[in-house]
Amino acid sequence: MMNLDLIFPEIFLSLSILILLLYGVFLATSRNYNYPLITRYVYFYLLMVIALTWMLVWNNEMEANYFFLKVFVSNDFVKYTKLIILTSVFLVVIIDRKSVV
């Protein structure tokens with residue numbers, strides 16, 4: 001049986017981004033909000049999701065494992081690569097805060 005704790009950060013990030021996209025679609029098509037492209041709520045939610053995913057990856061006790069017929073690899077190199085990517089995304093979102101309505 002596969003340990004789902006090792007893929008929990010990916011599951012959390014995927015579901016959170018899906019919720020964010022659905023929220024953005026319904027809000028962006030609302031006449032009541034004057035069709036905003038991105039709001040402060042979406043912006044802070046995105047920052048929070050990235051930060052929580054970063055913490056989930058950092059605190060995840062990984063072993064060198066392969067899952068799903070060696071499609072999903074779990075080792076220290078992958079962990080630190082995920083942390084670098086999440087940090088970069090967080091910084092890009094912070095730098096682009098001028099586009100927030």
By side chain to side chain contact (heavy atoms under 4.5 Å, CB included) - contacts of Tyr45 (at least two apart): Ser16, Ile19, Leu20, Met48, Val49
Have a look at Leu13 and tell me which of Ile17, Leu15, Ile11 forms a side chain to side chain contact (heavy atoms under 4.5 Å, CB included) with it. Ile17
When you group the ILVMFWY residues by side-chain heavy-atom contacts below 4.5 Å and let the links chain together, are Leu83 and Phe8 in the same group? yes
Could you pull out all residues at least two apart from Ser14 that satisfy side chain to side chain contact (heavy atoms under 4.5 Å, CB included)? none
Tyr43 and Ile94 have their tightest heavy-atom pair at OH-CA, 3.5 Å
Flag, side chain of Asn59 to backbone of Met55, donor-acceptor distance under 3.5 Å: yes
Under the side-chain hydrogen bond (donor to acceptor under 3.5 Å, both in side chains) test, residues paired with Thr81 that sit two or more places apart: none
Checking Lys79 against Trp58: charged group under 6.0 Å from the ring centre and within 45 degrees of the axis? yes
Contact between Trp54 and Val57 at the side-chain level, heavy atoms closer than 4.5 Å - yes or no? no
How would you list, by chain and number, every residue that makes a side chain to side chain contact (heavy atoms under 4.5 Å, CB included) with Ile50, sequence neighbours excluded? Leu46, Leu86, Val89, Phe90, Val93
Work out which heavy atom in Pro9 is nearest to a heavy atom in Thr53; give both atom names and the distance. O-CG2, 4.0 Å
Kindly compute the distance separating CG (Leu56) from CZ (Phe12), expressed to the nearest 0.5 Å. 6.0 Å
